[in-house]
There are 2 protein chains.
Amino acid sequence: MEVNRTYTEQHKILVATDCIVFGFDEGVLKLLVFKRRINPFMGEWSLIGSFVDEEESVTEAARRVLLQFTGLENIFLKELKAYSDVDRDPGARCISIGQYALIRINEYDKEQVERHGAKWFAVDELPEMVLDHNKMISDALDRLKEKARRKPLGFELLPEKFTIPQLQNLYEAIYQRKLDDRNFRKKLLSFGLLIKLDEKDKTSSKKGAFLYRFDHDKYKNLEESGFNFVL
Amino acid sequence: MEVNRTYTEQHKILVATDCIVFGFDEGVLKLLVFKRRINPFMGEWSLIGSFVDEEESVTEAARRVLLQFTGLENIFLKELKAYSDVDRDPGARCISIGQYALIRINEYDKEQVERHGAKWFAVDELPEMVLDHNKMISDALDRLKEKARRKPLGFELLPEKFTIPQLQNLYEAIYQRKLDDRNFRKKLLSFGLLIKLDEKDKTSSKKGAFLYRFDHDKYKNLEESGFNFVL
DNA sequence: CCAAAAGTGTTCGTCCTACACCCATGT
DNA sequence: ACATGGGTGTAGGACGAACACTTTTGG
């Protein structure tokens, strides 16, 4: 807090939050975007977001918007960074806190998404976006790549029950390269964090692949005692 | 940007930035704090910071304050996160973007620091601070520990010319544990990023230790080609 | 019976860890 | 001559990377 200036003498600024919403669908990493409904740039592609209201934190604002657009609560959500260049928004001086969210693409409410004019784009087929939203997305992708290696984020993008080949596909989509089947499986199982179920998923092969669940509780415990998930 | 609301209908919010300023002095990791000069909590210990003005970004605001307090430009500065709880500041609704800075404690302007009533505290002897500043500090320490392992941040806290034992002391102060001399030296030199000088520093031993410089240019190049600094 | 994906072990090299002694110098 | 911190090498174990074939089953 600066020397010799009181609160009331200060400039207030518009504060927004924009969500970079990742989903994983059919082997492809996707982003949820929608057509902006205010000027300037009405009708152009934009991240979903909102101004931060007086009686809510930035996180609460983001959760409010995510609920509105997808019908989901308890979404995985992390702060990316603040975008505060003076001229970033020609509409008005406005600071935006970027946040990235990971959602299970099989769980969201399709009707709500459509009603808001939102659409999923593959991350490598994104349109031009308004303001600095393309930059936010590229920052979020970098962050996702970095974090997915060290934290079990991936599971937030898959259904509760998933197969090892599905998980591998996801990581291949994030890292943009092929991984070795045997090493991937070995490494993952070595953590002892996957619970093997009795069911198989036969949607992608005749043989069928066993389903697993991620043991979130066990992970929490291990993490507290200094365990490091590294893929 | 939210549906159906124009910019002018929105609430503006006070935006501040607070700097967690690290320095390394005589084997101890320290933080620069000062006595707050506005109410509420005038006279209590606070991080140095400022409100963000209309014509500056958050980063620019932080650099302005850092220059004011220490006389230094080109300080290493990274965003930590946004603190936006509605009730975090009883003075007014105010969002603060925390940022951490690393400075060379031998370079700052002592007079300026004193004139602003600022003071260095060892990180494990910090006083009670105003608002959520203790939380910001603990977040910044966690971030520093995490980042120092993967990025060559340490060099930002030492003079341009430093000895390997000094560097090791710094990492021991950050990680709060003793490291093995031989392994530490071997690992560091193996990167080929330290330039050995012909001078010795004799301030801490009779034999004297060779001085080194960090090769920032070479690091930039290596980093771009996917090199990972890991200590 | 064939196509297509699931599942399984071993070897090799690299990197991390642990560990103890000699060197140079100022007092 | 001695106290103090600077500087050096090696051996063992753990972990990551590379690599190919068998199994299951629906059509």
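Quick note: numbers below take in every heavy atom, side chains included, and nothing from hydrogens, waters or symmetry partners. The chains referred to below are lettered A, B, ... by the order of the sequence lines, with proteins before strands, and numbering in each begins at 1.
To the nearest angstrom, P of dG5(D) lies 14 Å from CD of E172(B). Atoms CD (Q168(B)) and C1' (dG6(D)) sit 11 Å apart, rounded to a whole Å. Nucleotide dC16(C) holds its C1' atom 14 Å from the CG atom of L188(B), rounded to whole Å. Separating the CG atom of D181(B) from the P atom of dA20(C) is a distance of 13 Å, rounded to the nearest angstrom. For R185(A) and dG9(C), the CZ to C1' distance is 13 Å, given to the nearest whole Å. The CG-C1' distance, from D201(B) to dT4(D), rounds to 15 Å in whole Å. Between the NZ atom of K200(A) and the P atom of dT25(D) there is a distance of 6 Å, given to the nearest Å. Atom CZ of F184(B) is separated from atom C1' of dC16(C) by 15 Å (rounded to the nearest Å).
Using a 4.0 Å heavy-atom cutoff across all strands shown, D180(A) reaches at least one base atom of the nucleic acid. In this structure, S204(B) reaches the sugar-phosphate backbone alone: every heavy-atom distance under 4.0 Å involves primed, P, OP1 or OP2 atoms, never a base.
A distance of 6.0 Å or more separates the ring centres of W120(A) and F22(A).
Nearest-nucleotide positions on DNA chain D for K206(B) and K196(B) put K206(B) closer to the 5' end. Map V230(B) and R182(B) each onto its nearest nucleotide of DNA chain C; the residue landing nearer the 5' end is V230(B). Comparing L189(A) and S205(A) along DNA chain C, the residue whose closest nucleotide (by nearest heavy atom) sits nearer the 5' end is S205(A).
Applying side chain to side chain donor-acceptor pair (under 3.5 Å) to T17(B) and the options R63(B), R64(B), E79(B), Q99(B) leaves one that passes, Q99(B).
Here the shortest heavy-atom pairing between W45(A) and E128(A) reads CB-O, 3.8 Å.
Scanning atom types as modelled, one donor and one acceptor separated by under 3.5 angstrom connect the side chain of K207(A) and the base of dA6(C). A donor-acceptor contact under 3.5 Å is formed by the side chain of K186(A) with the base of dT10(C).
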> F191(A) and F229(A): ring-ring contact (aromatic ring centres under 6.0 Å, His included), yes or no, with the steps?
Replying inline: CA-CA 8 Å; F191(A) 298 137; F229(A) 179 95; 5.0 Å; yes
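For R143(A), the CZ atom is densely surrounded, since the number of other residues' heavy atoms within 6.0 Å is greater than 12.
Picking from dC16(C), dG6(D), dG9(C) the nucleotide with the shortest atom distance to the side chain of K187(B) gives dC16(C). Ranking dG27(D), dG7(D), dA18(C) by closeness to the N183(B) side chain, first place goes to dA18(C).
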